[in-house]
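Heads up, the thing below is written out as structure tokens.
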Amino acid sequence: MATYPGKDIEREASCTSCVACGQTTLAPAEAAAAAWEGPAARIVAVEPESPADDAGFTPGCYLTTVDGEPLRDIIDWRWLAADDVICVGYIDLDGEAGEVELEREPGERWGFEFDGVLFDSVKLCRNACVFCFMRQLPDGVRPSLVLRDDDFRLSFLSGTFVTLTNLKPEDEARIIEQRISPLRVSLHASEPELRRRMIGKHAAHGLAALDRLLAAGIEAHAQIVLMPGVNDGEALRETLEWAWERPGINGVGIVPLGFTKHQTALHESFTTPKAARGVIDVIAPFQQRARAERGTPWVFAADEFYVNAFGAATPAHIPPASDYGDYDMFEDGIGIVRSYVDEFEEVCENGLAARAAEALAARNLTARYIIGEAMQPFLDAMIANSPLAGRLVPLTVRNDYFGGNVNVTGLLTASDIAPAIRKESGRNQASSEEEGSASSREQGSDGGRSNRASSAAAQAPSEEEGNSTIVGQGADARCSDRASSADGIEGATRRGVNSPDAFDTSEDCLSESEYRASVPGGTRQLFLLPSVIFNDNGVTLDDMTVQDIENAAGAPVSVVSCNPCDYLPEIIKLAQDEP
């Protein structure tokens with residue numbers, strides 16, 4: 001699974017009790033939907049002048065059936081509502097149930113927008129994977145981070161990986177009937193006993209289900225979480241041979257084991273150049289055969305293997321863009337470095353990098369872009385040889401919150417970012433020198449800001465709590481330093497957070513005019529947070545907002561995109577807006 005879940009995972013993980021949610025009563029429609037025997041799809045928007053609008057539907061109503069069939073999810077809706085005349089069951093705002101016939105012109109939309117894509121419960125995992133990342137998280141994280149879904153529908157809709165070990169016969173029949181394909185399947189190992197040791201007693205059921213689905217024409221992308229001394233080496237070769245014999249498996253992604261400090265069983269992954277190159281060497285013959293016979297490398301190593309193998313020289317060794325095709329394994333940390341390197345070269349060639357450097361120089365600014373340790377080896381070298389040298393300076397942050405080998409940007413938390421910014425901006429020294437006059441300062445004009453920063457820092461986990469990585473299991477979605485993935489953290493995608501406008505910039509945040517960090521020599525610093533560290537609600541994995549980070553760091557920050565073609569124009573605008 002990928003790092004951030006959709007609203008379906010968040011909702012499933014949250015308490016449904018009215019009291020716990022702060023509600024004293026349910027609205028009539030909500031109460032009726034809760035009492036309904038089957039699933040109910042909550043309507044959150046209705047397109048004006050659509051068939052839904054003409055029939056009188058409004059946000060807050062529910063759909064329950066289409067032509068008498070229950071609506072379990074958005075797949076059912078697309079399947080059942082394909083005709084131009086349908087009969088829908090509903091619950092209206094008064095809690096009354098009924099049916100109405102809808103008709104549309106060919107090609108016209110029905111006009112409904114639903115709350116999420118699943119209208120019943122998320123299908124949960126019943127495995128005991130030895131590498132499960134969600135079982136390695138610190139205590140007290142929000143429930144959605146530890147909800148272990150294994151839902152074939154989210155695999156199809158959102159790109160999460162599933163084991164198929166919880167499929168019932170009716171699930172398989174539905175997948176085949178509705179052509180729910182391709183699926184993303186966690187393979188890990190083909191040898192039955194090894195697979196059982198890795199994921200638990202239901203392992204054989206998942207492989208058998210996969211074979212039946214493949215035989216019925218369903219396609220799959222497979223993923224292998226690679227563990228040193230467990231399923232690598234000869235076991236990896238056997239698994240790839242097994243997958244190669246099944247043409248319905250469109251490709252295989254290999255991601256390294258990720259582990260945190262919050263467990264004691266896992267201690268190593270493919271972090272040394274020798275170990276990482278060993279994996280690249282094992283898959284090379286399969287890639288050569290696949291290119292010759294199928295026109296694609298077919299098996300892909302996660303970017304992390306290349307970064308660990310080649311360090312600063314990674315751009316010269318990462319496979320070409322042609323190998324990655326449409327980058328359909330992007331969310332698994334496969335092809336992100338290649339995409340980033342190509343974009344960076346593009347902005348250097350088209351002059352955008354030079355314009356950003358000029359905009360920063362005109363305001364005597366240095367842009368400090370927050371990154372995880374995974375990206376640092378090659379990004380520093382790339383910038384040093386570009387027009388941005390000295391103006392775009394990455395601020396590499398160690399992940400002490402998770403620890404272990406977690407080092408990708410998307411898994412950084414505020415509790416690690418804020419101290420790093422505070423140190424770079426010189427606020428730690430300033431705070432130490434001013435300790436003796438703290439009470440008088442808090443009573444002065446700057447007191448409100450100081451109190452807010454102290455409060456936010458107290459709420460954040462201590463930087464001494466440890467160091468870790470959400471690397472190897474389905475982590476760091478969307479940013480170029482996404483180092484790995486495999487059965488990850490929270491669900492599938494993050495929408496609408498690539499723009500700084502998606503984040504809170506209320507009057508409680510530090511004002512840009514109140515404080516602007518500077519470095520020796522008088523150059524001022526812009527601290528930039530990549531949007532990938534926030535979820536849809538604008539909070540980090542440790543539940544901190546932009547405002548919280550500013551207060552804890554004692555410096556203003558700005559949220560920007562993850563890719564050079566996007567974040568450089570944002571940097572130019574930020575620089576131009578500086579006094």
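FYI, side chains are in, hydrogens and waters are out, and symmetry mates aren't considered; it's all heavy atoms of this structure.
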Checking the side chain of [X] only, and the main-chain atoms of [Y] only, is there a donor and an acceptor separated by less than 3.5 Å?
X	Y	value
Asp303	Ile336	yes
Arg368	Ile421	no
Thr260	Gln136	yes
Asp150	Thr163	yes
Thr314	Gly311	yes
Glu570	Ser561	yes
Ser181	Glu219	yes
Asn350	Leu352	yes
Asp416	Asn399	no
Arg398	Glu373	no

Would you please classify the geometry between the His317 ring and the Phe310 ring as parallel, tilted or perpendicular, with 30° and 60° separating the classes? parallel
Between Tyr327 and Phe330, what is the ring plane arrangement, given parallel below 30°, perpendicular above 60°, and tilted in between? perpendicular
Closest approach of [X] to [Y] (non-hydrogen atoms, all atoms of both residues):
X	Y	result
Phe161	Ser186	CB-OG, 3.4 Å
Thr545	Phe534	C-CE2, 4.3 Å
Val557	Glu550	N-OE2, 3.0 Å
Gly410	Val532	CA-CG1, 3.7 Å
Gly372	Leu412	N-CD1, 3.8 Å

Give a yes or no on whether the ring-centroid distance for Phe119 and Trp77 is below 6.0 angstrom. no
Compute whether any side-chain donor of one residue and acceptor of the other, for [X] and [Y], lie under 3.5 angstrom apart.
X	Y	value
Ser339	Asp342	no
Thr413	Ser415	yes
Ser425	Gln525	no

Find the distance between CG (Leu124) and CG (Asp149) and round it off to the nearest 0.5 Å. 7.5 Å
About how many Å separate CE of Met227 and CD of Glu268, when rounded to the nearest 0.5 Å? 9.5 Å
Step by step, would you call Asp73 with Lys123 a salt bridge (Lys or Arg N to Asp or Glu O under 4.0 Å)? CA-CA 12 Å; Asp73 45 57; Lys123 298 180 185 298; over 6 Å; no
Indicate every side-chain donor-acceptor pair of residues 384-396 with a distance under 3.5 Å to a residue at least two apart or in another chain.
residue, atom, partner, partner atom, Å
Asn385, ND2, Ala381, O, 3.0
Ser386, OG, Ile383, O, 2.8
Ser386, OG, Leu388, N, 3.1
Arg391, NH1, Leu365, O, 2.8

Residues Glu345, Val341; criterion side chain to side chain contact (heavy atoms under 4.5 Å, CB included); working and verdict: CA-CA 6 Å; Glu345 291 176 351; Val341 169; 3.7 Å; yes
Would you call Arg184-Asp332 a salt bridge at under 4.0 Å N-O? yes
Leu528 and Leu574: side chain to side chain contact (heavy atoms under 4.5 Å, CB included), yes or no, with the steps? CA-CA 10 Å; Leu528 308 176; Leu574 287 169; 3.7 Å; yes
Within a radius of less than 6.0 Å around CG of Asp577, do more than 12 heavy atoms belonging to other residues, nucleotides or ligands occur? yes
Assess whether side chain to side chain contact (heavy atoms under 4.5 Å, CB included) is satisfied between Val225 and Phe133, documenting all intermediate values. CA-CA 11 Å; Val225 175; Phe133 198 83; over 6 Å; no
Please determine whether side chain to side chain contact (heavy atoms under 4.5 Å, CB included) holds for the pair Thr540 and Ile417, giving the CA-CA distance in whole Å, both sets of side-chain angles, and the decisive distance to 0.1 Å. CA-CA 10 Å; Thr540 59; Ile417 293 171; 5.7 Å; no
